[in-house]
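No hydrogens, no waters, no symmetry mates; every other heavy atom, side chains included, goes into these values. Since the structure is predicted, the reported quantities are computational estimates derived from the model, not experimental observations. The sequence lines fix the lettering, A, B, ..., with proteins before strands; numbering per chain opens at 1.
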Number of protein chains: 2
Amino acid sequence: MASRPTMEDVAARAGVSRALVSLVMRGAPNVSQARRDAVFKAAEELGYSPHAMARSLASRTSTVLGVMVSDLHNPFFAEVVDGLEAVARKEGFELIINTGRRTPAGERQAVRSLLSFRPAGLALLGPAVAAAEIEAAADQVPVVLVARATRLGSVDTVNDDGRAGSELAVDHLVELGHRRIVHFDGGRGSQSALRRRGYLDGMKKHGLAASVIRSEYTDVAGAKAVKTLLERDEPLPTGIVAANDINAIGAISALEEAGLRVPEDVSVIGYDNTSLAALAHVGMTTVDQPRHAMGRLAAQAVLERVRNGRTEPVRHLLHPKVVHRHTTAPPPAAQ
Amino acid sequence: MASRPTMEDVAARAGVSRALVSLVMRGAPNVSQARRDAVFKAAEELGYSPHAMARSLASRTSTVLGVMVSDLHNPFFAEVVDGLEAVARKEGFELIINTGRRTPAGERQAVRSLLSFRPAGLALLGPAVAAAEIEAAADQVPVVLVARATRLGSVDTVNDDGRAGSELAVDHLVELGHRRIVHFDGGRGSQSALRRRGYLDGMKKHGLAASVIRSEYTDVAGAKAVKTLLERDEPLPTGIVAANDINAIGAISALEEAGLRVPEDVSVIGYDNTSLAALAHVGMTTVDQPRHAMGRLAAQAVLERVRNGRTEPVRHLLHPKVVHRHTTAPPPAAQ
DNA sequence: CGTCACGATTAGAGCGCTCTAATAGCACTC
DNA sequence: GAGTGCTATTAGAGCGCTCTAATCGTGACG
């Protein structure tokens with residue numbers, strides 16, 4: 001693990017000045033072909049590669065993007081990071097990642113630690129940290145928020161339109177002919193309020209009576225919500241707009257256990273389009289949340305500020321889409 | 001976005017030298033309380049925070065760990081990264097992440113790009129890159145490989161013992177009383193050969209006749225393997241060791257569709273312990289692959305080399321465990 | 001043949017920090 | 001009152017690079 005050669009070493013070997021090596025490494029024009037070749041040859045022989053941090057320090061520019069993930073364990077964010085990385089990489093940037101360990105204090109520390117690298121920009125994924133902290137960061141560097149809204153005029157945001165997504169789910173069921181449609185909500189989970197709002201708006205739009213059952217983002221909660229439904233004195237709904245895919249899978253199992261067929265007797269639509277929904281034997285109709293695209297847009301937003309110096313905030317509100325599979329169908333009889 | 005204050009600014013404001021500010025920032029002893037307070041006060045007032053790259057350059061040390069992920073989209077690696085991050089963070093290191101876009105050329109570029117930051121160490125997750133490239137990297141910096149074996153004496157490795165895991169699966173079924181046990185293999189998927197080997201060894205150990213059905217890491221393939229089984233002229237096996245959880249879920253669906261009950265008629269055990277297996281209505285018995293622990297071990301291996309200067313390679317072969325849930329039970333009748 | 005213009009090359013300062021070696025301060029001793 | 005042995009502080013070089021401004025060729029031109 002010998003210490004690596006520097007530009008000075010390459011210069012000496014190629015018989016040129018350090019400045020010339022620098023120019024060659026940066027692909028500058030106005031360098032004679034002869035010298036260029038000599039420099040590359042010397043670099044190759046010595047196994048030289050530029051020192052990104054020294055370059056960054058000297059040029060007062062950065063090629064790293066800081067990414068704070070509230071919870072990398074969550075596949076949602078992992079896919080967003082994947083999208084971020086795709087764009088960053090293509091544009092010559094690297095990602096430096098920190099997680100917030102799901103606490104505001106942890107996130108705060110993560111953001112500060114990220115800023116100590118003087119990144120070109122910062123992407124905060126699902127941050128729970130205080131707005132003041134975000135604002136402070138935005139004073140130093142372009143910031144984009146994913147899966148979090150804000151009033152701050154200095155930061156960009158990329159969000160999925162949970163309200164619209166739920167409304168689409170309702171539209172889908174109504175189109176199939178359903179009229180008794182209930183919503184299992186996500187309790188205090190993130191996005192839960194928006195999805196509930198979308199369901200309520202959708203039902204109202206179609207002139208239908210809404211009914212929300214308090215639930216959670218778990219399969220157990222979905223199953224429990226079905227039991228609640230079955231114990232009621234009212235006619236069973238023919239359609240269920242579940243809080244998310246996991247909740248939907250729980251609901252489906254409980255329905256089947258109760259002797260009801262999906263989708264013949266009851267249609268169920270999920271939310272998120274996780275890999276779970278795509279499983280052949282599940283084949284769940286669900287609302288797709290374009291995670292990868294969200295990551296890409298976030299990276300683009302930051303890079304626009306870095307490169308073009310844009311200052312007006314950008315608000316991306318992604319329109320989710322219904323993915324048609326096999327857990328929804330027309331209701332059992334014309335109502 | 002004004003340019004940020006430097007150590008010099010803090011020194012001037014606190015009425016001390018730059019060197020003293022440096023000492024305070026690094027928490028050095030032998031600094032009088034009065035000066036220490038003055039420096040912190042000035043730093044606070046100016047909103048100063050140290051410049052990590054400048055520090056790294058001057059001290060010739062690094063606090064970043066390079067991570068090359070063959071495919072961050074894959075939840076397996078996302079969880080390994082999560083484990084890496086947990087240890088790195090605790091030890092004061094940051095992760096800088098690059099993906100290889102699933103091609104050796106992409107990985108090669110990713111590794112080089114990572115090395116240009118002169119990281120303290122490098123973790124390669126599921127790398128497909130050539131051994132020579134790994135060796136070249138290992139000449140410059142401590143390297144740990146996750147989910148890839150190597151003969152190189154200069155790098156550490158962290159792998160799950162797929163052979164042992166499959167053998168455990170067989171043991172589990174045998175303990176329950178099964179004797180006719182088949183294996184649905186993972187085709188040309190990674191780890192597939194090892195898992196098959198483990199199954200074969202396990203069956204041999206118990207003096208049972210082995211039977212492998214060629215399959216894949218998908219639910220569709222698992223279902224198809226069950227159909228193959230049903231079309232055979234032989235008595236149905238009572239136990240199935242599936243290639244992984246996804247394959248197992250496909251097998252379970254197909255069995256149920258054929259009117260067989262799991263686990264009353266047939267027991268099925270998966271592999272990986274994905275979130276899928278843990279779903280309440282799935283409740284799959286499976287072999288756990290400790291992804292988070294693998295990430296933690298990888299980080300520790302690198303940091304040991306960085307800090308303690310260890311040079312002998314470490315080979316972590318993680319022993320998987322069977323997670324008992326509800327898709328395995330004693331066979332229908334004593335055989 | 002001197003001068004000019006212009007492309008190719010280089011010297012040298014400096015990015016923000018750390019680190020070594022030197023110095024300042026200060027209580028004690030003899 | 002000079003010397004000793006501390007600890008607290010600082011000057012200054014230097015990490016590997018970029019960037020500005022200066023310099024060096026060299027061919028065209030009058």
### Task
Could you tell me whether the side chain of L95(A) reaches within less than 4.5 Å of the side chain of V81(A), counting heavy atoms only?
yes
### Message
Return a single string for nucleotides 23-28 of chain C, one symbol per nucleotide in 5' to 3' order, where B is base contact, S is sugar-phosphate-only contact and - is none, cutoff 4.0 angstrom on heavy atoms.
### Response
------
Restricting both atoms to N or O, compile the protein contacts to nucleotides 4-7 of chain C shorter than 3.5 Å, with distance only.
none

#### Entry: Bend angle of the helix from dC1(C)-dG30(D) to dC30(C)-dG1(D), from helix axes over five pairs at each end, nearest 10°
70°
### Query
When you check the gap from the basic side-chain N to the acidic O, do D156(A) and R310(A) get nearer than 4.0 Å?
yes
### Task
Could you identify which residues of residues 33-55 of chain A place a heavy atom less than 4.0 Å from some atom of DNA chain C, listed by residue number, or say none?
R35(A)
### Query
Residues two or more places apart in sequence or in another chain: which of them pass side chain to side chain contact (heavy atoms under 4.5 Å, CB included) with S275(B)?
none
### Task
Answer yes or no: does atom CZ of R188(A) have more than 12 heavy-atom neighbours from other residues, nucleotides or ligands under 6.0 Å?
no
### Message
To the closest 0.5 Å, what do you measure between CG (N98(B)) and CG (L124(B))?
### Response
11.0 Å
### Summary
Quick note, salt bridge (Lys or Arg N to Asp or Glu O under 4.0 Å) partners involving residues 121-130 of chain A, not counting sequence neighbours, are none
### Contact boundaries on DNA chain D for chain A, cut-off under 4.0 Å to non-hydrogen atoms
dG16(D) to dC19(D)
### Query
In terms of side-chain geometry, is the basic nitrogen of E107(A) or R102(A) positioned less than 4.0 Å from the acidic oxygen of its partner?
no
Side-chain polar contacts of residues 125-137 of chain B - donor-acceptor pairs under 3.5 angstrom, sequence neighbours left out - could you list them?
from, atom 1, to, atom 2, distance (Å)
E133(B), OE1, R108(B), NH1, 3.4
E133(B), OE2, R112(B), NE, 3.0
E133(B), OE2, R112(B), NH2, 3.2

#### Entry: Any L57(B) side-chain heavy atom under 4.5 Å of M53(B) side chain
no
### Heavy-atom side-chain proximity of M294(A) to F76(A) below 4.5 angstrom
yes
### Query
What is the distance from atom NE2 of H319(A) to atom CG of D161(A), rounded to the nearest 0.5 Å?
6.0 Å
### Message
Does anything in residues 290-302 of chain A form a salt bridge (Lys or Arg N to Asp or Glu O under 4.0 Å)? List the pairs, not counting sequence neighbours.
### Response
E79(A)-R291(A)
### Message
Go through it in stages, so that I can follow the logic: the residues are Q191(B) and D160(B), the test is side chain to side chain contact (heavy atoms under 4.5 Å, CB included), and I'd like the CA-CA distance, side-chain angles, deciding distance and then a yes or no.
### Response
CA-CA 9 Å; Q191(B) 296 285 324; D160(B) 140 87; 3.8 Å; yes
### Message
I need the L318(B) CG to L297(B) CG distance, nearest 0.5 Å.
### Response
5.5 Å
Show every donor-acceptor pair shorter than 3.5 Å between a side-chain atom in residues 26-34 of chain A and any protein atom, with sequence neighbours excluded, or say none if there are none.
from, atom 1, to, atom 2, distance (Å)
R26(A), NE, S22(A), O, 3.2
R26(A), NE, S22(A), OG, 3.1
R26(A), NH2, S22(A), OG, 2.7
S32(A), OG, R35(A), N, 3.4
Q33(A), NE2, D37(A), OD1, 3.0

### Task
Check step by step if side-chain hydrogen bond (donor to acceptor under 3.5 Å, both in side chains) holds for N159(B) and R148(B).
CA-CA 7 Å; N159(B) 284 290; R148(B) 160 142 180 192; over 6 Å; no
### Query
Does anything in residues 40-68 of chain A pair up under salt bridge (Lys or Arg N to Asp or Glu O under 4.0 Å), and if so which pairs, sequence neighbours excluded?
R13(A)-E45(A), K41(A)-E45(A)
### Message
I need the residues from residues 14-29 of chain A with at least one non-hydrogen atom less than 4.0 Å from DNA chain C; give them sorted by number, or say none.
### Response
V16(A), S17(A), R18(A), A19(A), L20(A), L23(A)
